[in-house]
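Here the structure is laid out as structure tokens; the discussion comes afterwards.
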Amino acid sequence: MRKLSDRSLTLQDSIFAHMTAVCSRYDAVNLSQGFPDLDPPAEILARLRALTEENCHQYSLTSGAMDIREALAAKQKRFMGMEIDPEKEIVITCGGTEALMMAAMAVVDPGDKVVVFSPFYENYSANTILCGGEPVFIPLTPPTYSFDPERLEDAFRAGAKALILCNPNNPCGKVFTREELLLIADLVRRYDAYVITDECYEHIVYAPYEHVYFATLPGMRERTISCSSLSKTYSITGWRIGYTIAPPEITERLRKIHEFLTVCAATPLQEAVIPGLLADQSYYDELLRIYTAKRRFLLEGLDDIGIVHNDPHGAFYVLLDIGKYGYESDVAFCEDLAAKVGVGAVPGSGFFREPVNHLIRLNFAKREETMRAALDRLAGIDKMMRR
Ligand code: GLN
């Protein structure tokens, strides 16, 4: 038989799905794949129940039902401080995942170079490759995870057409400063490039750090496809509701791509999430309070055990240094950690382009009792994992 496509051949199995499978094999406490075990807001669940009696079981408009787009435009206006035309500048997508794929398809032609900061969420390189493009990785260097402006400019000098910006960053929790973002904006303007953001942790940024929406920087709105998701904000990762915000000409392309990929996001779920979008500031304050407490709980627990880790400024992940255990492969380490200690983590090599094998990622989007159980098990890590 003739061979299948080269593009599909380059894809690897997702490390998240693999680690969740490993966790269930060993009945490990799963702090690998990042999803909250908080309950979604009661209002959206009540609305979901009520919707079974209403007539919303067919396709919505491709860009999304008008009422969710209006509610989203109003919410994002509050947070981003800019007017957004729900008619022409929003597409409701099947999760942030589809939004990011659509954005790549709208911007990247075969052979185009796309800047991706490393560590990175695996979809950014996969999406670029599926579009026939070539990711160009720029390292974020610990402990501040800052980048070398010269190296970034070199990438643009070499013709990079777009940059994918995950802010706050999964997995290192970096929150880009305004100065860093202005520096990126300056290069993007000078080299006539686009920015695709992934801002799905926009509401999970710990004081004193603050989230700056890239599209709000001077001159950046026309060059930015803002991708985000309602998954983390309302604890509904399984609903697959995300969105793009972009200028009308770009949104027009995104809408057509979305039409051919999925037609529309699930209509009842679009409707059900609206009470979430209408929530006032107290909802976001409470969400942040909850995550601040969870972050503290896990980080202090790790400190008590003596496990060295980074200091995440946003999102809900922490990187642990496992260098002292002497494993050559962090994947083997994570498999042993699940089997022997009973805790599920994601190997850092799944995120870094550089040859990093001394880091693993845990997430703290979990109930305290879940994290307590993981910490109790991790207390025995030195005895169980020493080689
Ligand atoms: N974004 C989540 C994480 O980083 C889930 C990823 C996934 O399941 N593909 O863990």
Side-chain angles (χ1 to χ4, degrees), residues 11-24 28-38 40 93-104 116-130 140 145 164-175 196-205 227-243 262 287 291 294-295 298 309-310 312-320 330-331 334 337-338 343-353 356 359-367 370-371 374:
L11 295 182
Q12 318 218 318
D13 279 329
S14 162
I15 191 69
F16 305 103
H18 174 67
M19 284 318 303
T20 288
V22 169
C23 282
S24 53
V29 181
N30 188 359
L31 300 188
S32 64
Q33 189 179 32
F35 59 91
D37 65 5
L38 306 177
T93 62
C94 299
T97 304
E98 191 204 5
L100 286 159
M101 186 70 222
M102 285 158 44
V116 175
F117 287 115
S118 166
F120 62 100
Y121 179 55
E122 60 186 5
N123 290 42
Y124 310 149
S125 64
N127 293 351
T128 303
I129 290 165
L130 284 172
L140 296 173
Y145 289 96
I164 302 180
L165 178 73
C166 180
N167 186 30
N169 181 279
N170 174 11
C172 70
K174 178 185 176 66
V175 175
I196 297 169
T197 71
D198 178 355
E199 295 177 293
C200 71
Y201 303 98
E202 63 199 291
H203 296 297
I204 308 175
V205 174
C227 301
S228 193
S229 149
L230 305 186
S231 292
K232 276 78 180 188
T233 304
Y234 305 115
S235 307
I236 48 169
T237 59
W239 288 27
R240 315 309 301 127
I241 303 283
Y243 58 88
T262 57
L287 184 76
Y291 276 111
K294 287 182 184 305
R295 174 185 180 283
L298 186 66
H309 59 81
N310 76 329
H313 300 167
F316 45 56
Y317 306 103
V318 56
L319 293 172
L320 278 47
D330 57 354
V331 179
C334 285
L337 189 74
V343 174
V346 184
S349 57
F351 301 99
F352 285 85
R353 180 59 175 184
V356 166
L359 297 173
I360 63 170
R361 192 197 76 174
L362 297 183
N363 84 79
F364 49 84
K366 299 295 169 210
R367 295 196 164 89
T370 309
M371 292 195 280

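Only heavy atoms go into these numbers, but all of them, side chains included; no hydrogens, no water, no symmetry mates. Counting convention: from 1, in listed order, for ligands and their atoms alike. The chain is numbered in sequence order, starting from 1.
Listed for the Thr93 side chain is a donor-acceptor partner under 3.5 Å among the backbone atoms of Gly242. Side chain of Arg361 to backbone of Pro347: no donor-acceptor contact under 3.5 angstrom is found. Within the 3.5 Å criterion, the main-chain N or O of Cys172 finds a donor-acceptor partner in the side chain of Asn310.
Between Tyr145 and Phe352, the ring planes lie tilted relative to each other; the angle falls in the 30° to 60° range. Note: Tyr121 and Tyr124 have perpendicular aromatic rings, judged against thresholds of 30 and 60 degrees for the angle between ring planes.
At a 4.0 Å heavy-atom cut-off, the residues surrounding ligand 1 are Phe16, Gln33, Gly34, Tyr121, Asn170, Tyr201, Lys232, Tyr317, Arg361, listed by chain and number.
By the 6.0 Å and 45° rule, Lys366 stacks over the aromatic ring of Phe35.
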